[in-house]
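Treat the numbers as computed from the prediction; the structure is a model and nothing was measured. Position 1 is the first residue of the sequence; numbering continues from there. Whatever order the structure lists them in is the order used to number ligands and atoms, beginning at 1.
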Amino acid sequence: MSRILSGIQPTGSFHLGNLLGAIQNWVKLQDEHEAFYSIVDLHALTTRPDADELRASTHALAVAVLASGVDPDKAVLFVQSAVPEHSELAWVFQCLTQLGDLNRMTQFKDKSEQMQGNTNAGLFTYPVLQAADIAIYRATHVPVGEDQVQHLELTREIIRRFSHIYGELFPEPKVIISKAPRVMGLDGKSKMSKSKNNYIGVFEEPDAIRKKLRGAVTDPQRVRRDDPGRPEVCNVWSLHQFFTSEEKRAEIHEGCTKATMGCVDCKGILADGICRVTEPIRERAAALESDPDRVRDVLKEGQKKASAEAQKTMELVRERSGLWRG
Ligand code: TRP
Ligand code: SF4
């Protein structure tokens, strides 16, 4: 059977981009594959978060993932740092990775610009740890967004190099690209993300969602209500595809292009759709929040299952690479 591994960073807010781009895909894939899902707190350390905040974000993300439908009876959900073999294998992989390869990573270039004054080595070797996350479970498939394809290419390259030097041990993982197109932020300029503060949080109250949407950028040519709009360049329209029925969307499209529907109404319909999807998630999350032991138990159980696999792999790596085995 195919085995998937995917990771998500605990960054402190769970927004529609995470839900549509990643987690809904996780929920679907847990029925089709053996699935390992990791909350990658080691990766989050590259941004040097406050300790209490990082722990709180890790817990909150576990709640969010479970509330969204990841089922611990189907998938292994665990925290990356709870399985130290990730870091151990990452070191071995670092010794197989060329500086030139890491220098080409566009995410490194972007992030080191964003995080001026903190271009730490962890940011640079980030994709090597990601490769280890995948290989330690000998995963065959990795569901990710478009922006991670380059990291997956590097993962495959590192695995090929390992095979060449030490003999084949890891499958070359295939990418499963998330079918949800990039979820744009409310600014209409870039992908929805916490750092750009252009997001709608899954756990936001309906009033807050409505308020944020009121400020969302639309077709800039539609200044007054009787100006016809262009849905294809409108950010709000791009969100409708996830939350609004086809029938209703046809109505909106016509209303926009013929200027018979205003942006305020259009945004109201979108808000209804978003609330319909997020409300049950919000309710399940509240139930989980009132039972913190439940979440901890799930993560501990996940740690146990993940560790068993990771230890097996690391034993083989030790044997192949000549590391001391006692
Ligand atoms: N780098 C990924 C991201 O930012 C997160 C991640 C870490 C990951 N390890 C992974 C994704 C392993 C897939 C597989 O989205
Ligand atoms: Fe965008 Fe809707 Fe306004 Fe048209 S009516 S410009 S789709 S917000």
Under 3.5 Å, side chain of Thr119 to main-chain N/O of Met115, donor-acceptor pair present? no
Work out which heavy atom in Ile4 is nearest to a heavy atom in Ala139; give both atom names and the distance. C-CB, 4.3 Å
Using a 4.0 Å heavy-atom cut-off, say whether His43 meets ligand 1 through its side chain, its backbone, both or neither. side chain
Numbering the atoms of ligand 1 from 1, which are under 4.0 Å from a heavy atom of Val144? 11 (C), 13 (C)
Any nitrogen or oxygen of Gln9, main chain or side chain, under 3.5 Å from a nitrogen or oxygen of ligand 1? no
My understanding is that only one of Gln148, His43, His86 makes a side-chain hydrogen bond (donor to acceptor under 3.5 Å, both in side chains) with Gln130; could you say which? Gln148
Considering only the protein, which heavy-atom contact is closest to atom 8 (S) of ligand 2, and what is its distance? Thr218 CG2, 3.5 Å
I'd like to know if the side chain of Asn198 and the backbone of Ser193 have a donor-acceptor N/O pair within less than 3.5 Å. yes
Below 3.5 angstrom, do we get any N/O pair linking Asp133 and ligand 1? yes
I'd like to know if atom 3 (Fe) of ligand 2 has an N/O/S atom from Cys266 within less than 2.8 Å of it, counting both backbone and side-chain atoms. no
Check whether any N, O or S atom of Cys256 sits under 2.8 Å from atom 1 (Fe) of ligand 2. no
Give me the ring orientation class for Tyr37 and Trp26: parallel if the planes are under 30° apart, tilted from 30 to 60°, perpendicular past 60°. parallel
State whether Asp272 and Arg210 are salt-bridged, where the test is any N-O pair (Lys NZ or Arg NE/NH1/NH2 against Asp/Glu carboxylate O) under 4.0 Å. yes
Do the ring planes of Tyr126 and His151 sit parallel (below 30°), tilted (30 to 60°) or perpendicular (above 60°)? tilted
the protein heavy atom lying closest to atom 5 (S) of ligand 2 turns out to be Arg222 NH1, 3.1 Å
Please work out, at 4.0 Å between heavy atoms, whether the side chain, the backbone, both, or neither of Leu129 comes within that distance of ligand 1. neither
Can you name the atoms of ligand 2, numbered from 1 with element, that are less than 4.0 Å from a heavy atom of Trp237? 7 (S)
So if I count the atoms of ligand 1 from 1 in the order they appear, which ones are less than 4.0 Å from some heavy atom of Leu5? 12 (C), 14 (C)
For the 3.5 Å polar cut-off, considering only N or O atoms, please tell me whether His151 and ligand 1 meet it. no
Quick test: of every protein heavy atom, which one is nearest to atom 5 (C) of ligand 1, and how far off is it to 0.1 Å? Gly7 O, 3.6 Å
Check the angle between the aromatic planes of His141 and His33 and answer parallel, tilted or perpendicular using the 30° and 60° thresholds. tilted
Which residue and atom name correspond to the protein heavy atom nearest atom 8 (C) of ligand 1, and how close is it? Gln130 NE2, 3.5 Å
Could you walk me through whether Arg104 and Glu153 pass salt bridge (charged side-chain N to carboxylate O under 4.0 Å, His left out), step by step? CA-CA 12 Å; Arg104 271 200 304 279; Glu153 289 294 325; over 6 Å; no
Can any side-chain N or O of Ser290 pair as donor or acceptor with the backbone N or O of Ala287 at less than 3.5 Å? yes
Identity and separation of the nearest protein heavy atom to atom 3 (Fe) of ligand 2: Cys263 SG, 2.3 Å
In the protein, what heavy atom is nearest to atom 1 (Fe) of ligand 2, and what distance, to one decimal place, separates them? Cys234 SG, 2.4 Å
Assess whether atom CZ of Arg225 is packed by more than 12 heavy atoms of other residues, nucleotides or ligands within 6.0 Å. yes
Look at the side chain of Asn120 and the backbone N and O of Thr46, then say whether any donor-acceptor pair between them is shorter than 3.5 Å. yes
In ligand 1, which numbered atoms sit nearer than 4.0 Å to a non-hydrogen atom of Val142? 13 (C), 14 (C)
Using distance alone, decide if ligand 1 has a nitrogen or oxygen within less than 3.5 Å of any nitrogen or oxygen in Gln148. yes
Which atoms of ligand 2 have any heavy atom of Val236 under 4.0 Å away? 8 (S)
Which residue and heavy atom of the protein sit nearest atom 4 (O) of ligand 1, plus the separation: Tyr126 OH, 3.2 Å
